[in-house]
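Lettering of chains follows the sequences in order, A, B, ..., and the numbering in each one begins at 1.
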Amino acid sequence: MEIITAVKGFKDILPPETDKWRHIEATAHEVFCAFGFREIRIPLLEKTELFCRGIGESTDIVEKEMYTFLDRGEESLTLRPEATASIIRAYLEHTLHAAETVTKLYTIGPMFRRERPQKGRYRQFHQIDTEILGPDDPRTDAELILMLLHFLNKLGLRKLNLEINSLGCAACRPAFREAILSYLRGREEELCGDCLRRLETNPLRVFDCKVETCAAIISQAPLLPDFLCAGCRDHFEKVQASLRLFNLPFHLNAKMVRGLDYYTRTTFEVTTEFLGAQNAVVGGGRYDHLVRDLGGPDISGIGFAIGVERLAAMIPKADADALLQGPLLFIATLGEAALEKAFFLCNGLRMKGIRVEMDHAGRSLKSQMKRADKLKSAYTLILGEREIAENKALLRNMLSSTQTEVGLDRLEETITELAR
RNA sequence: GUGGGUGUAGCUCAGUUGGUUAGAGUGCCGGGUUGUGGCCCCGGAGGCCGAGGGUUCAAAUCCCUUCACUCACCCCA
């Protein structure tokens with residue numbers, strides 16, 4: 001009979017990969033907590049309308065990538081393609097804005113987008129998502145970015161590239177949009193098919209095009225920063241000043257635009273050369289109107305999303321290997337009486353929180369020793385017929401290859417001390 | 001949605017003028033004298049060569065179809 005396989009683009013995460021994931025998550029909890037964030041857990045399923053209104057009807061995500069279905073033929077539901085809209089929904093639904101002026105939240109979990117899978121891109125993927133809801137103080141932007149880079153550094157990631165830009169606000173972006181449109185309109189024959197389409201849907205995205213002829217045109221195009229209003233320019237300069245205060249190196253990238261409609265003012269990405277085409281590990285930015293557009297008060301927000309699969313792929317191998325820890329003790333036995341004794345001891349120690357392994361198959365001492373070595377056990381306890389008869393056991397230090405005798409009545413106590 | 005690449009042992013891969021029982025490394029199991037790991041040596045298990053069809057005396061190898069995986073475009077984390 002044929003086995004049933006996982007759905008395309010949906011991956012199992014197996015050990016030892018899961019060790020890496022737990023390390024990433026534990027580090028996130030620790031770092032975010034220090035910066036005053038609290039964890040929020042939100043549903044995987046939301047009403048479709050939430051994402052249409054939140055992310056934007058004309059975005060690729062909403063237009064063609066969402067897992068949307070009718071629940072019992074009645075209500076349109078969608079597996080969340082991102083976390084921000086859900087967090088804002090919960091924030092409003094539970095009136096968190098009334099409880100405090102600044103709310104810092106984060107969540108970790110799977111997102112779903114029906115794209116063609118490739119390296120660093122899956123249909124179910126995972127994000128670590130943070131949001132700060134409250135006043136649009138530029139120090140908040142800098143603080144969030146600072147926390148992000150601290151987190152990435154703590155995971156041992158190197159050669160990261162932080163790019164920032166300001167997309168302006170409702171007052172200044174339309175002017176830029178007009179400028180770029182009129183610039184491109186005269187050069188339509190030189191643009192690629194995709195860019196011609198972008199001209200209609202989202203002209204700013206032409207900046208992202210990798211086609212050479214388009215890039216050439218874009219290099220001469222008007223740039224967003226030149227169109228920022230006084231308020232946006234001032235805000236962006238203060239963000240940069242704060243980043244410099246912490247000696248945080250960053251690249252100003254006037255051509256970085258982002259694919260979600262809600263971003264305003266500060267946007268940023270962290271990229272790396274290690275990931276092939278999907279080089280963005282983190283993306284984020286400020287959104288001035290999302291809370292209001294979802295029916296809430298006029299509160300600004302800023303957040304970022306980290307791709308966990310991409311992050312895990314970047315963790316240096318040496319760091320990942322260091323996560324592999326062996327048991328404290330392996331118990332090797334010979335004979336039924338020893339096996340029974342070991343079985344009792346082994347599980348007793350485990351219940352004290354000590355990692356102990358043993359073999360139940362009654363194999364040769366040699367193969368049990370091999371197993372202990374393979375597992376990277378710090379110690380091996382040898383318990384044979386001879387030892388049982390003499391009421392003792394041999395405790396072998398696997399690193400120094402030395403062994404001592406321990407009386408059976410003092411065994412548990414001795415091992416417990418080793419664990420300290 | 002569009003294009004390229006790849007499917008042979010658990011894993012990484014060899015294997016074309018089509019020709020016996022399909023190989024290596026690694027991992028797994030066992031052994032190298034009677035109860036001691038790493039190095040070394042020996043042995044063993046494990047594959048309808050992705051699936052289906054065709055050509056041929058003969059197909060892992062040639063042809064067609066299909067499926068899966070993968071990389072890239074699009075877009076994004």
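- Among the atoms of the strands shown, base atoms are found under 4.0 Å from some heavy atom of A:E387.
- Contacts of A:S367 with the nucleic acid, taken as non-hydrogen atoms under 4.0 Å apart, involve only primed sugar atoms and P, OP1 or OP2.
- Between A:F304 and A:F268, the ring planes lie perpendicular to each other; the angle is over 60°, past the 30° to 60° tilted range.
- A:K376 comes within 4.0 angstrom of nothing in the nucleic acid, heavy atoms only.
- The base of B:C74 lies close enough to the side chain of A:R121 for a donor and an acceptor atom to sit less than 3.5 Å apart.
- Across all strands shown, A:R396 has heavy atoms under 4.0 Å from base atoms, whether or not it also approaches the sugar-phosphate.
- Note on A:G120: a base of the nucleic acid sits closer than 4.0 angstrom, heavy atoms only.
- Residue A:K119 is classed as a sugar-phosphate contact, given heavy-atom separations below 4.0 Å to backbone atoms only.
- Nucleic acid contact for A:I128: none, since no nucleic acid atom lies under 4.0 Å from a heavy atom of the residue.
- As judged by a 4.0 angstrom heavy-atom cut-off over every strand, A:T380 is placed among residues making no nucleic acid contact.
- Distance from the side chain of A:K370 is smallest to B:G37 among B:G35, B:G37, B:U70.
- With hydrogens and angles ignored, no donor-acceptor pair under 3.5 angstrom links the side chain of A:Q368 to the base of B:U36.
- When each of B:G35, B:C29, B:A72 is scored by its nearest atom to the side-chain atoms of A:L334, the top-ranked nucleotide is B:G35.
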